[in-house]
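Written below as structure tokens is the structure these notes are about.
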Amino acid sequence: MSKAINIAIDDDGIATLSIDVAGESMNVINENFLDDLEAHVKTISEDENIKGAIITSAKPAFMAGADLRMLGRMIGDNKNPDMAEVYGACYRMNKVLRAMETCGKPVVAAVNGTALGGGLEVVLACHHRIVANDPKIQLGTPEVQVGLIPGGGGTQRLPRLAGIQVTLQYTTTGKNFNPQEAVGMGIFQEVVEADELLAKAKEWLMSKPIAVQPWDKRGFKFPGGGGAMHPGAVQTFMGANGMAQDKSLHNYPAVEAILSCVYEGSIVPMDTALKLESKYFAKMVTSAATQNMIRTLFINKHDADRGKGRPKSIEKRNPQLKYLNNLHCLQTFRLNDYGMKFTRKLLNL
Amino acid sequence: MAEAYIYDAVRTPRGRGKSDGSLHEITPTQLAAQVLEGLRDRNNLDTSLVDDVILGCVAPVGEQGADIARTAVLVADYNEEVAGVQVNRFCASGLEAVNMAAAKVMSGQSDAVIGGGVESMSRIPMGSDGGALATDPAVAFKTYFVPQGISADLIATKWNYSRDDVDAYAVESQKRAANSWEKKMFAKSILPVKDVIGLNVLDRDEHMRPEATMQSLGGLKASFTDLGKNIGFDSIALQKYPEVEAINHVHHAGNSSGIVDGAAGILVGSKELGEKMGLKPRARIRGFASVGTEPTIMLTGPSYAAERALERSGMSKSDIDLWELNEVFAAVVLRFMEVMDIDHGDINVNGGAIAMGHPLGATGAMILGTVLDELERTGKSTALATLCVGGGMGTATIIERV
């Protein structure tokens, strides 16, 4: 019995991978998921009877992003983590997804529910992407909101599918989009009724499609221009750098890291680009700002919302308690760069 | 250490840097080659005595790429043993080229070197060479990069120059340039540009607007408000300069340097060169300096470069008779006058780039030639020419008539 992804192969040689991560109400990317995906990709690639594969979810939502607790395990309490080791752990996701998109067999994503962060990145690494026609489905890359960057190829495949400008807008803000918008952006090829999802996915596989991503074909060009060195992209990046610094006030290293991934990654081939992305991801995972954001905005907030610090004598729904809890969360933020600079300058230090 | 002397200085007139400008049909190679031909023919220069030609060029791509200095040497029919090298210190490239020429002579490694510059902004637009400063996030974030116009407006705000102050400076620049042309003060150095059949296409700076008044400039919209407020660059400047509350956008096309085409060259040589060629040196290069300064405000370099050049030359401010500072934006000159305590009557006396334009790679050599002409015309002795430079730098050169 699989711990994260079930595989079933039908008479036509179509393998269906149903993501069902054990012990989680919503699918998340953890070690079990990566182990299963790696093994299944090997099977799909090597088994001559398999013609292609469908990836879908056995849960109502398709998949959320990486398990933040897994990221915590990558570095533990180590204040001086071995960067080569952290990078290796971060690169694993990109390695598995890259193996999937270059496995030689067509893979189609049948997205039945919300796909965010790493969940969407699994989808982007498929050769064909179909999503159910349900406006409630949320798609997006919210990593920046906890100080992270899309680390499963999102900063590389999104600009190659949707263009640099659109990618920067969504990845630096973490703003979500719905299925119809995703088709308009060029991320999905089809939006179909939910009950037709698997049939349409199989139909595409039976049409004998070519299992090569556009960016792996000779002469590939970015939508809207040829990467960061394209004259049009110069204006895009100059403007994006300006707006991002205006909004982030140099307090959110992930915003800069995302811009760097898209900029630097757009100049090099996909394999190099993915390695770069993993390096920036490793840089973020080990940065104090990101660790603080994850602790405050995810772990501590989660605890605070559940009233973890509530003395037993105080009733559960006391509104003052919630305020105090949130205040405690915020105190864990460091005095930020801007504040430090401002204070130093005022004090002539 | 050997002395470096200026034997001659020439420049083309500056053509409007647009497709309707008079120099738009002239290739940058031709602009540079005609300057080299002019220096040779005016001085009966035996070009086999020239070791090197150093030309500034700020957008060295396309037809300005692949070492335009060596290209121009070949096109100008200089002796083929004359080498050529293109340098880029942004707006000060032309002056830097002269300084490098002087350094080669002073060090005794060369007897004659031409320093100068070329820029055809109508054919190779500013920014054509890309670069990491503005676009690479890892660079732009680290350096708090803002476009130059924001830096100029930051200077105006920080030093409290109003829109009227910068406009008044611009009106005066136009007046001085018009007066200098009318009285033929540039005649000695101007080299009319010829077309492919040898006819003159331009013999006068065509960017000038002598009719400009406070009223006419007052009608112009500030150029950098949108970049500052909507693209976020004001915010970046304020993050670096929290003592400034808000940027006052005062610069516009009428009080900033004009976009033009042009080229210039200065023949620098040792004392022996003059004796061998029968040439009389016009000035001695006393000293020079380039210096890095805070990159976000970017354009404050000239005062620091000037001070360093003065110190290196063992001189003080009072030893300088005439000052020349490139008028890239009016506030840059106003600040320089204020912090260096220089009277407006002693600086940019013939007008500057606000009136006549700023062909990026060439301007440094142009203004050094202009101030040399003015020293000779007025019988004065010493001058300091300087320019502010992108990325936060300044370059300065001190000359003394001999």
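Hydrogens, waters and symmetry mates are skipped; everything else that's a heavy atom, side chains included, is used. Letters go in sequence order (proteins before strands), and every chain restarts at 1.
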TODO: Select one option (side chain, backbone, both, neither) describing which atoms of B:Ile231 are under 4.5 Å from chain A's heavy atoms.
DONE: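 B:Ile231 touches chain A through backbone and side-chain heavy atoms alike.
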Open item on the list: Please classify the contact between B:Asp234 and chain A as side chain, backbone, both or neither, with a heavy-atom cut-off of under 4.5 Å.
Closed with: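 No part of B:Asp234 comes within 4.5 Å of chain A.
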Open item on the list: Shorter than 4.5 Å, heavy atoms on both sides: which option in A:Asp246, A:Ile258, A:Val255 has the most such pairs with chain B?
Closed with: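 Looking at each option in turn, the highest pair count goes to A:Asp246.
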TODO: Heavy atoms only, distances under 4.5 angstrom: which of A:Met243, A:Gln235, A:Glu256 has the most pairs with chain B? Name it, please.
DONE: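 Looking at each of A:Met243, A:Gln235, A:Glu256 in turn, A:Glu256 comes out on top.
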Task: Residue selection (most heavy-atom pairs with chain A, distance under 4.5 Å) from B:Gly232, B:Ala140, B:Ser235, B:Pro137 - done: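 Highest number of pairs under 4.5 Å: B:Pro137.
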TODO: Specify whether A:Tyr87 and A:Tyr91 have parallel, tilted or perpendicular ring planes, treating 30° as the upper limit for parallel and 60° as the lower limit for perpendicular.
DONE: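 The arrangement is parallel - the two ring planes meet at less than 30°.
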Open item on the list: Angle between ring planes, B:Phe233 versus B:Phe145, binned at 30° and 60°: parallel, tilted or perpendicular?
Closed with: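 Perpendicular: the ring planes of B:Phe233 and B:Phe145 meet at over 60°.
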Task: Side chains of A:Tyr263 and A:Leu259 in contact at under 4.5 Å (non-hydrogen atoms) - done: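 When only atoms from C-beta onward are counted, A:Leu259 and A:Tyr263 do not touch, as no gap falls below 4.5 Å.
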Task: Main-chain N/O of B:Ile354 paired with B:Glu327 side-chain donor or acceptor, under 3.5 Å - done: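 Side chain of B:Glu327 to backbone of B:Ile354, a donor-acceptor pair under 3.5 Å: yes, one is there.
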Open item on the list: Side chains of A:Arg295 and A:Gln291 only: does a donor on one sit below 3.5 Å from an acceptor on the other?
Closed with: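 Absent: no donor and acceptor within the cut-off.
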